Amino acid sequence: MNTAAYYNLLDELKPMNVQLLAVSKTRTPVEIQEMYELGQRDFGENYVQELVDKQTTLPAAIRWHFIGHLQSNKVKYIAPFVYMIQGVDSLRLLLEIEKQAKKNHRVILCLLQVHIAREETKFGFSERELMELAETILLYRKEDKLAGIHIAGLMGMASLTEDQQQIRDEFKHLKTLFDRIKKTLPEEPIQTLSMGMSSDYPIAIQEGSTMIRIGTALFGERSYTKG
Ligand SMILES: *Cc1c(COP(=O)(O)O)cnc(C)c1O
């Protein structure tokens, strides 16, 4: 873990009111504990088993975010403690989170993932699907069926490309959808626009990001072999 990188990034973000999510996938509990001791509370993980293992050994004050694709049948393992699920990419998943949250007498914050990249491999709703989902959420809410979840905002990943303009256009598009969904769902606490990673966060911030998800720039390159 790089203390100077952490403080520099916080300094950079402070005047802009952008939250930092430390992406700790593949990092050891010791590395996470070190960053926790510097004051970091929000950590992001993308494997269920890894998240469950870390959660049991690390401080309870950590807010754990699940980032990336989550299978519906695994929601039950993280529902007792997860703070926010970033990457809700189907109604089925949303309803499973709702069910498991209620079972645990909790409310889980959800970000809807939007597919903004040109690559086909990334998960997420298209613009049309997102707006359809918003209508469904409105209906369910009216019937008091979503007591276990809050829609807290949107999440997206830009294309992996050197083309800065393309990345900017993709983030701009997501910001437009964010403003739109706020109006469509006025009763949801929609405040989080999660966009930007180590390679593209400065552009994401310029385009209106409120939360960046940073791994490599804080912890160094990931090695998938060490654990
Ligand atoms: C791994 C990951 C990140 C962080 O990526 P870095 O390039 O290491 O900053 C952000 N978002 C998601 C969804 C990820 O899976």
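The model shown is predicted, which means the values in this text are computed figures rather than measured ones. Below, all heavy atoms of this structure are taken into account, side chains as well, without hydrogens, waters or symmetry copies. Ligands are counted one by one from 1 in listed order, and the atoms in each one are counted from 1 as well.
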Checklist outcome for this item: Of M155, E221, K25, the residue with the heavy atom nearest atom 2 (C) of ligand 1 is K25
Checklist entry - Are L109 and I149 linked, directly or through other ILVMFWY residues, by side chains that come within less than 4.5 angstrom of each other? => result no
Next on the checklist: Just checking H65 against Y83, ring centres under 6.0 Å apart?
Outcome noted: yes
Next on the checklist: At under 4.0 Å between heavy atoms, is it the side chain or the backbone of I67 that contacts ligand 1, or both, or neither?
Outcome noted: side chain
Next on the checklist: With respect to G215, determine whether any N or O atom, backbone or side chain, lies less than 3.5 Å from an N or O atom of ligand 1.
Outcome noted: yes
Item to check | Within reach of ligand 1, part of R222 (heavy-atom separation under 4.0 Å) | outcome: side chain
Checklist outcome for this item: Per-atom filter on ligand 1: closer than 4.0 angstrom to a heavy atom of R213 are 4 (C), 9 (O), 10 (C), 11 (N), 12 (C), 13 (C)
Item to check | Sub-4.5 Å side-chain heavy-atom contact between R41 and Y36 | outcome: yes
Item to check | Contacting atoms of ligand 1, where contact means under 4.0 angstrom from a heavy atom of T216 | outcome: 6 (P), 7 (O), 8 (O), 9 (O)
Next on the checklist: For a 4.5 angstrom cut-off between non-hydrogen side-chain atoms, does I97 reach V75?
Outcome noted: yes
Checklist entry - Using a distance-only test with no angle check, is there a side-chain donor-acceptor pair under 3.5 angstrom linking D169 and Q165? => result yes
Checklist entry - Who's closest to atom 9 (O) of ligand 1 heavy-atom-wise, of S24, G220, S194, S198? => result S198
Next on the checklist: Please tell me whether T210 and Q191 have a donor and an acceptor in their side chains that are separated by less than 3.5 angstrom.
Outcome noted: no
Checklist entry - Which ligand 1 atoms are under 4.0 Å away from a heavy-atom of I214? => result 9 (O)
